[in-house]
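Data block below; observations after.
Lettering follows sequence order; numbering is per chain, from 1.
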Amino acid sequence: MKIMANAKKPLQLMKIFYGLAAIGGLIFITVALIGDPARAWQAYLLNFLFFSAIAQGAVLFSALMHTVKARWSRPLANVAESFAAFFPISIALFVILFLGQQHVFPWLHEDLHGKEMWLNVPFLFGRDLAGLILLYGFGLAFLYHRLYFTLKDLGASGPVGRRLQARWDRRPPDEERMAARATVFGILYLLAFALVLSLVGYDLVMAADPHWFSTLFGAYSFVKAIYIGFGALIVLSALLHMSGNNGYHVEENQFHDIGKLFFAFCLVWADFFYAQFVVIWYGNIPEETAYIIERTMAAPWNKLAWTIFIGCFIAPFLILINRKIKTVPRAMVVICLAVMAGIWLEHYLLLGPAFNHHVHHLPLGWVEIAVAVGFFGLLAAAVTGYFKQFPEIIEVDRLKAEEV
Amino acid sequence: MTTDTISIMGVFPSQRGAADAIDRLRETSWAIERVHSPIPSHEIEEALQPPKSKVGWFTLAGGIFGFFTGFFLAAFTATSWSLIVSGKPVVALVPFFIVGFEFTILFAVFGNVLGLISQARLPHFDTQPLYDERFSGDCFGVLARCPVGEKEKLTRFFEENGAEIKTADK
């Protein structure tokens, strides 16, 4: 009964998130049609990359924990899976990006000196779309097999959950096979994650500056996605944990452990940045250094670069050394949001100079923010929608309490 | 003061027994002087609730010191033996970071070991009074101090908790 009463709350939230998505969408369409289409589409690309990476990275947590047979992370992994609801939206958003190709590929009318084989719009969209479909396919297949065990434990009480349950009741699957398949799809998701996010990183971010390359850039892209994916997972589970409207609960030591993982990926992110940076510094070849100099030494981008480095590495590193802070959900929400904002700016730093040559002020303004708000609305609505379909995941403790 | 009190050692055959006795001792007015254990025991640690270890601070201090030492060492060698390469600065911060990083880890380890040794008050050559060889074998020891008048009571307490008694006058 209480669950039914609480169902109203997500409805209100859904309205707010749909509202945000609609506002962002409207502003984007208006600017794209009658204002500055280049700017609107570049903001779209930036936010597509950022919010897709969050969803992909958060689902990676569940696949990773399942693959290594971790048991400490159960409530966190259940919440992480909710981000998979953004996968179909992400595919649709990528297809829409096709319309803005004139504005998001600065190399379209450049002489590419033989790179045309790789850098041409049909092939690029074809391979990236195939990659994303593969990645999301593995993710959703993994989720399907995991849900069998989750729903068996908790009992299905949402519409989609009940339909799945009915299907499994009609033809009970072989449990061992379900478990084995979940593991296989989990591992495939992990592999596809590394490959597809590398590909997307190379194609949509690195190629914006078509004459520059770094072989580590792909790995850097997916490590970044893990970093913000875990950050988003901490934010969501901490908010659910702190909210009194559900029965979701995370133990202090679980927060501590995910906090440690987040801390570790803070180091890995900085390490991957440095590993690229130091090689380019040593080589000192103009083709390679131009990209770095433009972004870290030349105004107006250098201030942004330092803000990102301090916000995403130095500050979290110094703060997260402390053991206590990792167990305080409220503090972790603030830190993770700050880091995610930093990585959003980092996406902007990587793409911005390629789109805006010779600017004197950071061309960062309300268009980028408005489109970000719209994308946030979509992601949040997708996640809330998932919990509406599977309310038992955040009502575990309450269900148990009612049984008693 | 010391003449008014007496120390009694309870020798426990099991970890659980020792931990339970510590739990109950903490509720009395008797003081726990020392606990011996042949193994690192979380149960006894939980029962004793010792103050937070300070070893972490030694590690941190070692790490910070090491970071700057690494930079300093790299800068010192670079200025002593000049190897001028293309347009690179002699004291170059970007690659020296690696030396700084390695020294952070090395000195953090040193700090950790030093912290452990100093905090555990090692080395310790003479055996402590009432020490029993079984504490390095299969038994746990809890040494408690009580006023002379309560000697019988404390002895009974230990015996009720399943311990063998060891006192100075035996």
Side-chain angles (χ1 to χ4, degrees), chain A residues 72 214 216 220 251-253 256-257 259-260 263-298 302 305-306 308-310 312-328, chain B residues 40-43 45-46 49-71 73-75 77-78 81-112 114-116 119:
Chain A
W72 63 271
S214 161
L216 197 58
Y220 175 74
E251 296 293 334
E252 196 179 280
N253 59 354
H256 184 212
D257 286 342
K260 278 191 278 191
F263 183 34
F265 273 95
C266 168
L267 291 171
V268 175
W269 174 78
D271 178 55
F272 273 65
F273 162 73
Y274 181 73
Q276 293 180 93
F277 183 73
V278 77
V279 173
I280 293 168
W281 186 91
Y282 259 116
N284 209 10
I285 306 167
E287 291 96 278
E288 289 180 358
T289 50
Y291 189 89
I292 304 287
I293 290 171
E294 193 176 12
R295 281 162 181 77
T296 60
M297 290 170 161
N302 56 349
W306 277 105
I308 293 161
F309 189 65
I310 293 168
C312 293
F313 173 63
I314 297 179
F317 175 78
L318 293 176
I319 295 169
L320 290 174
I321 286 178
N322 189 305
R323 179 186 184 280
K324 181 85 188 132
I325 199 124
K326 293 196 275 276
T327 62
V328 183
Chain B
S41 159
H42 285 300
E43 277 185 58
E45 196 187 329
E46 267 165 39
Q49 293 179 356
K52 201 167 174 288
S53 161
K54 291 190 189 71
V55 174
W57 291 105
F58 285 85
T59 315
L60 181 69
I64 294 169
F65 178 70
F67 185 74
F68 290 105
T69 307
F71 263 99
L73 179 73
T77 47
W81 296 275
S82 309
L83 286 171
I84 312 295
V85 180
S86 67
K88 296 282 193 312
V90 176
V91 176
L93 297 183
V94 174
F96 288 6
F97 180 81
I98 298 173
V99 187
F101 170 74
E102 300 293 349
F103 269 70
T104 307
I105 294 171
L106 180 67
F107 277 67
V109 172
F110 287 162
N112 187 288
L114 275 180
L116 186 71
Q119 292 301 297

- Message: Within this structure, what is the NZ-NZ distance for the pair B:Lys52 and A:Lys324, rounded to the nearest 0.5 Å?
- Response: 10.5 Å

- Heavy atoms of other groups near B:Gln119 CD, more than 12 under 6.0 Å: yes

- Message: Can you confirm whether more than 12 heavy atoms, excluding those of A:Trp72, are under 6.0 Å from its CH2 atom?
- Response: yes

- Note on the structure: Note: A:Tyr274 and B:Pro95 closest approach over all heavy atoms is OH-CA, 3.9 Å

- Message: Would you say that more than 12 heavy atoms from the other residues, nucleotides or ligands in this model lie under 6.0 Å from the CZ of A:Phe277, or not?
- Response: yes

- Message: What part of A:Tyr282 gets within 4.5 angstrom of chain B, counting heavy atoms only: side chain, backbone, both, or neither?
- Response: both

- Message: Taking atom CZ as the centre, does B:Phe101 end up with more than 12 heavy-atom neighbours from other residues, nucleotides or ligands that are less than 6.0 angstrom away?
- Response: no

